[in-house]
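Side chains are part of it too, since the values below use all heavy atoms of this structure and drop only hydrogens, waters and symmetry mates. For reference, positions follow the sequence shown, starting with 1.
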Amino acid sequence: MSITPVILVILTFIVNFIMDFSFWSVMLSLYYLGGAPAGTDDGTLLVKLTLASVLIPAVLARLGVMERFFVYSEGGRKAYGEDGRLLEEGLENICRRGNLVPSDYRLYVGLRNEYNAFSLGKSIVVMAPLLRQFPEEELLGIMAHEMGHIQRGHTGASLLCVGMSWFGQIIVLVYNTIFLICRLLVWIPFLGLLINLMALFISLQYNILSFLLQTPMLFISRFGSRKEEYEADAYACRLGLGRGLALGLCHIESIYGSGNAGFFKSLLNDHPDTPKRIERIRKYLETH
């Protein structure tokens, strides 16, 4: 595994630990405000709750069941018939070149109307339009790129990050529920105002903290993701499938017409500009 995914996993843990710690601090404060006696080991309890909310979903995310759930939530489905044949033959070719075992990986066809592919954990998902309309050489190059993400440890790290961030979605649900209750109680004189002010404070605390912590990590993640794209491209080239990948990228660009993005668009994009990727692949093919 390269250093970039490790850094992103560490940063994701730190960010979510702080955010979850803040959440549990508020929840315990409200609990004690309701009349419950405060304990002497509240600090230990806070740390345990925070670690559990960050680490347990992360561990579960690495299990095959959770990986399949995430793939399905992104539109991936088991491939059958001609789709299955194309994916299996492509995987066998890639594994033969890379001395890998095909049964270690899972293949899916994506239901979205996109010319795209992605990988997660040990799963490769190829969107149906790309799978059915692109030449075999281009499809193979694109699949090799996704295998590059898996072999470089990018997808395993992504699963960990998704798992560690999962409890944050629960926090958002809890806060939305609190706001809903507050709207129902707003008619109560003084009490309704007090409850709404508390809910507003809790929401502001979470959102400001989320912004301050997530924004720097977003830019680090963007630059890290671009590096990962180049690493996955290089892996496909080392397998002897760089030409197909370059042709596939040109094909995708001819459909979407992305070209070179402006400075600010490039700053927010998690992929390098396609012409830059193609140029790197071309130079690799010329020197190897």
Side-chain angles (χ1 to χ4, degrees), residues 1-6 8 67 71 74 76 78-79 82-110 114-159 224-255 258 270-288:
M1 181 185 291
S2 62
I3 189 63
T4 303
V6 176
L8 289 176
E67 182 179 321
V71 167
E74 293 297 322
K78 191 68 176 176
E82 183 65 11
D83 291 343
R85 184 191 67 79
L86 287 172
L87 289 174
E88 288 170 6
E89 288 183 356
L91 179 63
E92 289 174 2
N93 191 327
I94 291 167
C95 288
R96 185 173 60 254
R97 293 168 181 263
N99 295 317
L100 305 171
V101 180
S103 59
D104 289 343
Y105 307 95
R106 289 177 282 271
L107 297 169
Y108 299 90
V109 57
E114 301 173 357
Y115 296 89
N116 195 14
F118 70 89
S119 49
L120 189 65
K122 288 196 171 184
S123 300
I124 295 176
V125 183
V126 181
M127 297 301 167
L130 189 153
L131 177 63
R132 297 166 185 171
Q133 298 176 29
F134 276 41
E136 185 176 345
E137 182 184 12
E138 297 177 15
L139 173 63
L140 197 58
I142 291 170
M143 288 181 66
H145 169 88
E146 297 305 329
M147 180 61 80
H149 281 304
I150 296 174
Q151 296 305 312
R152 294 292 293 174
H154 305 156
T155 58
S158 296
L159 268 178
S225 295
R226 294 173 206 171
K227 183 174 181 292
E228 291 175 358
E229 292 303 314
Y230 286 131
E231 290 177 352
D233 287 347
Y235 181 85
C237 290
R238 287 194 294 273
L239 293 186
L241 299 171
R243 181 177 182 275
L245 175 59
L247 291 172
L249 291 174
C250 288
H251 195 163
I252 292 173
E253 175 150 336
S254 70
I255 295 171
S258 57
D270 61 356
H271 278 57
D273 290 343
T274 302
K276 292 180 180 178
R277 292 176 62 188
I278 295 172
E279 179 62 19
R280 283 203 180 196
I281 295 171
R282 184 187 64 80
K283 288 180 178 178
Y284 183 95
L285 294 176
E286 288 177 352
T287 56
H288 290 78

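The structure places CD of Glu137 at 10.5 Å from CG of Leu245, a figure rounded to the nearest 0.5 Å. Here the straight-line distance linking atom CD1 of Ile278 with atom CG of Asp233 works out to 9.5 Å at 0.5 Å rounding. Between atom CG of residue Leu139 and atom CG of residue Leu247 there is a gap of 12.5 Å, rounded to the nearest 0.5 Å. The distance from atom CE of Met147 to atom CG of Leu140, rounded to the nearest 0.5 Å, is 10.5 Å. Rounded to the nearest 0.5 angstrom, Leu131 CG and Asn116 CG are separated by 13.0 Å. Gln133 contributes atom CD, which lies 7.0 Å from atom CD1 of Ile255 (distance to the nearest 0.5 angstrom).
Arg280 forms a cation-pi arrangement with Tyr230, by the criterion of a distance under 6.0 Å to the ring centre and an angle within 45° of the ring axis.
Residue Arg243 places its CZ atom among 12 or fewer non-hydrogen atoms of other residues, nucleotides or ligands, all under 6.0 Å distant. Enclosure of atom CD in Glu136 is not indicated, since only 12 or fewer non-hydrogen atoms of other residues, nucleotides or ligands lie within 6.0 angstrom.
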Can you give each donor-acceptor pair under 3.5 Å made by side-chain atoms of residues 119-126, sequence neighbours left out, with the distance rounded to 0.1 Å?
residue, atom, partner, partner atom, Å
Ser119, OG, Glu146, O, 3.4
Ser119, OG, Glu146, OE1, 3.0
Ser123, OG, Glu67, OE2, 2.5

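Between Pro102 and Arg96, every side-chain heavy-atom pair lies at or beyond the 4.5 Å cut-off. Considering only heavy atoms from C-beta on, Leu130 stays 4.5 Å or farther from Glu114 through its side chain. The shortest distance between side-chain heavy atoms of Tyr235 and Gln151 falls below 4.5 Å. Residues Glu138 and Met143 fail the side-chain proximity criterion, which asks for heavy atoms closer than 4.5 Å. The closest side-chain heavy-atom distance from Ile281 to Leu249 is below 4.5 Å. Side-chain contact between Val109 and Met127 is absent, with no heavy-atom pair separated by less than 4.5 Å.
Under the 30°/60° scheme for interplanar angles, the aromatic rings of Tyr284 and His288 are found to lie parallel.
A salt bridge does not link Glu88 with Arg85: none of the charged nitrogens is closer than 4.0 Å to a carboxylate oxygen. Ion pairing of Glu279 with Arg282 is present here, as a side-chain N (NZ or NE/NH1/NH2) and a carboxylate O approach within less than 4.0 Å. Ion pairing of Glu231 with Lys227 is present here, as a side-chain N (NZ or NE/NH1/NH2) and a carboxylate O approach within less than 4.0 Å.
Closest of all the heavy-atom pairs between Ile142 and Gly248 is CD1-CA, 4.2 Å. Nearest approach of Ala236 to Gly141, heavy atoms of both residues: CB-O, 4.1 Å.
Applying side chain to side chain donor-acceptor pair (under 3.5 Å) to Glu229 and the options His149, Lys276, His154 leaves one that passes, His149.
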Exercise. Step by step, would you call Leu100 with Tyr105 a side-chain contact (heavy atoms from CB on, under 4.5 Å)?
Worked result: CA-CA 9 Å; Leu100 305 171; Tyr105 307 95; 3.8 Å; yes
For this session: In sequence, state the C-alpha distance, the side-chain angles, and the governing distance for Glu228 and Arg152, and then conclude on salt bridge (charged side-chain N to carboxylate O under 4.0 Å, His left out).
Result: CA-CA 8 Å; Glu228 291 175 358; Arg152 294 292 293 174; over 6 Å; no
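The list of ring-ring contact (aromatic ring centres under 6.0 Å, His included) pairs with a residue in residues 117-142, not counting sequence neighbours, reads Tyr115-Phe134, Phe134-His251.
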